[in-house]
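These notes concern the structure reproduced below.
Within every chain, numbering begins at 1; the chains are lettered A, B, ... in the order of the sequence lines, protein sequences first and strands thereafter. Note that the coordinates shown come from a computational prediction; the quantities given were computed from them, not determined experimentally.
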Number of protein chains: 2
Amino acid sequence: MTSYSPGETAEKSGFSIDTLRYYEKIGLLSGIARDTAGRRVFTDSDIAWLEMLRCLRETGMPIAEMLRFSELTRGGTETYTARLELLRAHDRRVEDEIARLREQQRHIQFKIDRYADLLNTEKSCLSPRAANTT
Amino acid sequence: MTSYSPGETAEKSGFSIDTLRYYEKIGLLSGIARDTAGRRVFTDSDIAWLEMLRCLRETGMPIAEMLRFSELTRGGTETYTARLELLRAHDRRVEDEIARLREQQRHIQFKIDRYADLLNTEKSCLSPRAANTT
DNA sequence: GCTTGACCTGGAGTGTGCTCCAGGTCGCAC
DNA sequence: GTGCGACCTGGAGCACACTCCAGGTCAAGC
């Protein structure tokens with residue numbers, strides 16, 4: 001099992017070293033090994049867990065809920081159902097968020113079209129003979 | 001031209017009265033009329049502008065950029081190109097954000113499937129004869 | 001054995017976007 | 001003319017998720 005220094009882990013995971021420390025402090029990372037000098041030693045499975053965290057984080061899950069998920073993950077088989085439900089609820093929220101963004105994007109694109117039209121009209125006024133070339 | 005009290009405006013726009021005051025203070029709303037008692041009086045075009053702000057806000061545009069957009073809007077025809085560019089850039093960011101969410105959502109759904117499989121396997125162990133009924 | 005650089009700790013500070021509060025004003029209903 | 005509720009102001013406070021800092025430790029290279 002390969003092991004990684006804090007610096008390597010930061011680079012691989014995309015979290016800063018400070019964020020890694022912060023995540024350990026609040027309990028999102030647990031059981032991180034130390035070397036004789038007290039420095040953190042990350043494993044492949046730590047990296048995998050960090051990727052999971054990154055995925056949840058980037059889809060807008062609040063830290064508090066990620067904490068709940070990592071507590072469940074520390075539990076055994078009997079927490080599978082709860083974990084599944086948590087992820088499914090989050091998946092639905094992501095779906096809703098995407099739909100909301102799409103909807104708002106339509107409004108923005110409508111505005112964009114309006115401005116494009118206004119600019120066109122303006123151009124036509126400046127050079128009237130271009131008005132028919134629509 | 002219909003006019004609206006702060007309370008009505010809050011309800012119609014979805015922003016709280018405090019947020020409306022805050023937006024006026026920082027310059028996102030300008031030229032809001034007052035009645036004789038000094039109370040704000042909003043018009044239909046204020047409401048329309050608030051809808052635009054809501055749209056930009058909910059698609060993740062930072063306040064600083066919304067400020068820039070409202071300054072452009074206060075300018076005349078000669079800012080159309082700049083406004084168009086700003087909106088187009090934002091539209092692209094929204095597009096990217098949606099793509100990013102979709103991509104991360106795939107990872108989450110992969111995890112969901114894994115947990116669902118694990119639960120199935122577990123069930124099969126408890127009642128072995130169900131193992132073939134895949 | 002000394003320097004260097006990566007890391008350690010606890011705790012304070014930061015940026016963003018609101019949200020709340022104290023103390024006051026106004027207009028209307030009773 | 002008193003009470004009430006909606007609103008006003010300036011400014012403080014808050015939630016979130018980090019990010020930075022001071023002061024210190026350790027291992028490796030020269």
Side-chain angles (χ1 to χ4, degrees), chain A residues 3-43 46-47 49-70 90 93 97 100 104, chain B residues 3-43 46-47 49-70 90 93 97 100 104:
Chain A
S3 61
Y4 307 94
S5 72
E8 284 166 337
T9 309
E11 194 173 352
K12 275 179 98 73
S13 70
F15 291 114
S16 73
I17 294 191
D18 267 320
T19 301
L20 293 176
R21 282 200 271 261
Y22 168 65
Y23 279 5
E24 191 187 18
K25 182 152 62 183
I26 65 173
L28 273 183
L29 300 173
S30 62
I32 302 297
R34 303 300 178 112
D35 66 12
T36 52
R39 294 192 214 110
R40 286 168 186 80
V41 177
F42 294 86
T43 66
D46 292 329
I47 302 274
W49 175 242
L50 282 168
E51 267 161 25
M52 181 78 206
L53 290 182
R54 168 150 291 275
C55 185
L56 296 177
R57 195 69 205 84
E58 293 209 335
T59 47
M61 183 181 285
I63 297 272
E65 195 173 346
M66 286 166 59
L67 257 177
R68 174 155 158 64
F69 185 65
S70 45
H90 184 58
R93 279 197 304 267
E97 171 70 6
R100 220 178 39 73
Q104 305 279 33
Chain B
S3 63
Y4 307 94
S5 72
E8 284 166 337
T9 309
E11 194 174 351
K12 276 180 97 72
S13 71
F15 291 113
S16 74
I17 293 192
D18 268 322
T19 300
L20 293 176
R21 283 200 270 260
Y22 168 65
Y23 278 6
E24 192 187 16
K25 181 151 64 182
I26 64 173
L28 273 184
L29 300 174
S30 61
I32 302 297
R34 301 302 175 110
D35 67 10
T36 52
R39 293 191 213 112
R40 286 169 186 80
V41 177
F42 294 86
T43 66
D46 293 329
I47 303 273
W49 175 243
L50 283 168
E51 267 160 25
M52 181 79 205
L53 290 182
R54 169 150 290 275
C55 186
L56 297 177
R57 195 71 206 82
E58 292 209 336
T59 47
M61 184 182 285
I63 296 271
E65 196 173 346
M66 287 166 58
L67 257 177
R68 175 158 157 63
F69 185 65
S70 45
H90 185 57
R93 279 196 304 265
E97 171 69 6
R100 219 180 39 75
Q104 304 279 34

Looking at residues at least two apart in the chain, or sitting in another chain, which of them share a ring-ring contact (aromatic ring centres under 6.0 Å, His included) with B:Phe42? none

I want to check one thing: is the phosphate of D:dC7, taken as OP1 and OP2, less than 4.0 Å away from some side-chain N or O of B:Ser5? yes

How does protein contact run along nucleotides 9-22 of chain C, one letter per nucleotide 5' to 3', with B for base contact, S for sugar-phosphate only, - for none, heavy atoms under 4.0 Å? B-B-----BBBB--

For A:Ala64, check side chain to side chain contact (heavy atoms under 4.5 Å, CB included) against everything at least two apart and list the hits. none

Could you tell me the separation between the CD1 atom of A:Ile32 and the P atom of C:dC8, rounded to a whole number of Å? 11 Å

Report the distance from atom CG of A:Leu67 to atom P of D:dC16, rounded to the nearest whole Å. 12 Å

Please report how far the helix from C:dG1-D:dC30 to C:dC30-D:dG1 bends, comparing the axis fitted to its first five pairs with the axis fitted to its last five, to the nearest 10 degrees. 10°

Quick one: side-chain hydrogen bond (donor to acceptor under 3.5 Å, both in side chains) partners of B:Glu97, sequence neighbours excluded? B:Arg100

Could you list the residues that satisfy side chain to side chain contact (heavy atoms under 4.5 Å, CB included) with B:Tyr22, not counting sequence neighbours? B:Ile26

Under the side-chain hydrogen bond (donor to acceptor under 3.5 Å, both in side chains) test, which residues partner B:Arg93, sequence neighbours left out? B:Glu65, B:His90

Under 3.5 Å, which protein N or O atoms sit close to an N or O of nucleotides 23-28 of chain C? Give each pair with its distance.
residue: C:dG27; atom: OP1; partner: B:Thr36; partner atom: OG1; Å: 3.4

Near B:Arg54 CZ, under 6.0 Å, is it more than 12 heavy atoms from other residues, nucleotides or ligands? yes

Can you run down the salt bridge (charged side-chain N to carboxylate O under 4.0 Å, His left out) pairs that involve residues 13-28 of chain A, sequence neighbours left out, and say none if there aren't any? A:Asp18-A:Arg21, A:Glu24-A:Arg34, A:Glu24-A:Arg40

Residue set satisfying side-chain hydrogen bond (donor to acceptor under 3.5 Å, both in side chains) with A:Ser70, at least two apart, ordered chain then number -> none

Rounded interatomic separation in angstrom, taking CD from B:Glu11 and P from D:dA6: 12 Å

What residues, two or more places apart in sequence or in another chain, satisfy ring-ring contact (aromatic ring centres under 6.0 Å, His included) together with A:Tyr4? none

Tell me, please, which residues at least two apart from A:Thr19 pass side-chain hydrogen bond (donor to acceptor under 3.5 Å, both in side chains). A:Ser16

